[in-house]
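Note: hydrogens, waters and symmetry copies are ignored here, and every other heavy atom, side chains too, is used.
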Amino acid sequence: MTEQVPTSVLCAEHCHLGEGPTYDVTTDTAWWFDIREGRLYEAQLASRNIRVHALGRMASALGRIDAERQLIVAEDGLYIRKRADGAMTLYRTLEADNPGTRSNDARVHQSGTFWIGTMGRKAEAGAGAIYALHRGKISTLFPGISIPNSICFSPDGAIGYFADTARHVLYRVPLNPATGLPRGEPEVLVRHTGVGGLDGSVVDADGLIWNARWGGACVDVYSPEGERLRSLAVPARQSSCPAFIGPDLSRLLVTSAWQDMDAAARAADPQAGYTFILEAAARGRAEPDVTLE
């Protein structure tokens, strides 16, 4: 049964494809993207003041480098962005020679290694991959991915998770906790059946996996063994990715989208694309900084 928890609207702009939320606990600031429109959203949570930054390209995720800089995951590469003025400098290209792909889900491992997913612009089968940025070098971890999602890590850094939404499968893979790199082969943790598909995920302090179910209007909570424990309602059908927010990381920010919805579907889902806060009573974890060298 889907739980109804107290929920508020953080941002009432209709994101075409809201994705990639993250939270900087040092500044009480949430960040997320509208991939399709090339926008980065910045929300000061205490004041609910929201700024929108035009990036000039599709982008999908970011990692905090330090207080002054962020690493932006974009359609043609990784960019260092200065928070003070928004200036972006190309750091590494990524599939820049393949105009048929773009970036998608990504997350920073506790070691500072950044896992980054790519996919076909029309979600072509097997057109994407998952990469790792480790000590300044990009390596391919898992090729042949159709829609990479749910990149996240166990609290001790010894397990990595990722999904291929098109295959309805959430995988787990053993990692070297010191590097964030695989030391074994992926195995199936969850085979999703029923309404919707596996989208973005984040792991809490207890090792539970919080997964936004695209098309399911909810966030599902799974145990490390793959058992679904809870489902929390989200007031938009295409919920896309969660992030823990707030000084105690007890609340859940969830992005959503109106992508691929016709006029009738959007009328039936009036908050599609909104960004929400769920009073989830979670025990979240702060996101680590990305290490460049």
Side-chain angles (χ1 to χ4, degrees), residues 1-25 28-35 39-52 61 105 107 149-150 152 192 194-206 208-223 228-261 265-287:
M1 181 179 295
T2 302
E3 298 176 38
Q4 301 286 337
V5 300
T7 301
S8 60
V9 174
L10 173 60
C11 180
E13 289 199 22
H14 294 273
C15 284
H16 190 158
L17 180 54
E19 267 286 8
T22 190
Y23 174 70
D24 184 350
V25 70
D28 193 32
T29 307
W31 303 84
W32 68 95
F33 294 81
D34 186 335
I35 296 178
R39 294 172 181 160
L40 171 64
Y41 287 77
E42 174 187 0
Q44 299 290 329
L45 293 187
S47 65
R48 297 289 182 109
N49 181 52
I50 296 172
R51 298 176 63 192
V52 183
D105 196 56
R107 196 172 293 280
N149 270 311
S150 288
C152 54
H192 175 73
V195 176
L198 299 158
D199 208 314
S201 292
V202 66
V203 176
D204 69 14
D206 298 313
L208 303 181
I209 305 157
W210 297 64
N211 172 256
R213 197 195 318 168
W214 179 270
C218 66
V219 171
D220 296 313
V221 184
Y222 293 94
S223 74
R228 191 168 73 186
L229 305 176
R230 303 173 65 190
S231 293
L232 282 62
V234 175
R237 186 167 61 85
Q238 292 181 161
S239 45
S240 54
C241 195
F244 298 115
I245 63 169
D248 60 357
L249 300 165
S250 66
R251 297 183 291 166
L252 200 68
L253 182 153
V254 183
T255 52
S256 70
W258 59 263
Q259 177 176 279
D260 299 328
M261 297 172 66
R266 291 187 67 180
D269 191 2
Q271 297 188 95
Y274 280 19
T275 304
F276 305 97
I277 295 177
L278 276 60
E279 303 299 332
R283 292 186 66 241
R285 294 183 299 131
E287 292 289 338

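- Within the 4.5 Å cutoff, side-chain heavy atoms of Ile245 are placed close to those of Leu45.
- Atom SG of residue Cys11 and atom CD of residue Glu42 lie 12.5 Å apart, to the nearest 0.5 angstrom.
- When all heavy atoms are compared, the tightest approach of Val254 to Leu278 is CG2-CD1, 4.1 Å.
- For the atom pair CG of Leu10 and CZ of Arg251, the computed distance is 9.0 Å after rounding to the nearest 0.5 Å.
- Annotation: side chain of Gln271 is not in contact with side chain of His14 (no heavy-atom distance under 4.5 Å).
- Between atom CG of residue Asp34 and atom OH of residue Tyr41 there is a gap of 5.0 Å, rounded to the nearest 0.5 Å.
- Between the side chains of Ser240 and Thr255, a donor-acceptor pair is found at a separation under 3.5 Å.
- No side-chain heavy atom of Ser201 sits less than 4.5 Å from a side-chain heavy atom of Tyr222.
- To the nearest 0.5 Å, atom CG of residue Leu232 and atom CZ of residue Arg213 are 11.5 Å apart.
- In the displayed structure, Arg48 atom CZ is contacted under 6.0 Å by more than 12 heavy atoms of other residues, nucleotides or ligands.
- For the ring pair (Phe, Tyr, Trp, His ring centres under 6.0 Å) condition, the pairs that include at least one residue of residues 231-261, sequence neighbours left out, are His16-Trp258, Trp210-Phe244.
- Looking at Arg237, its side chain never comes within 3.5 Å of a backbone N or O of Ser256 through a donor-acceptor pair.
- Annotation for Cys241 and Gly200: closest pair SG-CA, 3.8 Å, computed over non-hydrogen atoms.
- Looking at heavy atoms from C-beta onward, Asn149 lies out of side-chain contact with Leu198 at the 4.5 angstrom threshold.
- Looking at heavy atoms from C-beta onward, Tyr23 lies in side-chain contact with Leu249 at the 4.5 angstrom threshold.
- Salt bridge annotation for Asp206-Arg283: present, with a cationic side-chain nitrogen under 4.0 angstrom from a carboxylate oxygen.
- Of all non-hydrogen atoms in Ala257 and Gly18, the two that sit nearest each other are CB-N, 4.0 Å.
- Closest of all the heavy-atom pairs between Ser223 and Leu208 is CA-CD2, 3.9 Å.
- In the model, Glu13 has no side-chain atom that pairs as donor or acceptor with a side-chain atom of Tyr274 under 3.5 Å.
- Within the model, atoms OG1 of Thr22 and CZ of Arg107 stand 6.5 Å from one another, a figure rounded to the nearest 0.5 Å.
- Using modelled atom types, one finds a donor on one side chain and an acceptor on the other under 3.5 Å when comparing Gln44 with Thr29.
- Between Leu252 and Val219, some side-chain heavy-atom pair lies under the 4.5 Å cut-off.
- Residues meeting the ring-ring contact (aromatic ring centres under 6.0 Å, His included) test with Trp214, sequence neighbours left out: none.
- A donor-acceptor pair shorter than 3.5 Å can be found between the side chains of Asn211 and Ser150.
- Atom CG of Leu17 is separated from atom CZ of Arg39 by 12.5 Å, given to the nearest 0.5 angstrom.
- At least one side-chain heavy atom of Val9 sits less than 4.5 Å from a side-chain heavy atom of Phe276.
- Side chain of Thr7 to main chain of Val5: a donor-acceptor pair is present (N/O by atom type, distance under 3.5 Å, no hydrogens or angles).
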Inset, instruction - Verify side-chain contact (heavy atoms from CB on, under 4.5 Å) between Asp199 and Glu19, making sure each step is shown before the conclusion. - result: CA-CA 10 Å; Asp199 208 314; Glu19 267 286 8; 2.9 Å; yes
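- Proximity of Arg228 to Ile209: side-chain heavy atoms (C-beta onward) are nowhere separated by under 4.5 Å.
- Residue Ala286 comes nearest to Val25 through the heavy atom pair CB-CG1, 4.3 Å, listed as atom of the first residue, atom of the second, then distance.
- Contact between Asp28 and Gly246 at its shortest, heavy atoms only, is OD1-CA, 4.4 Å.
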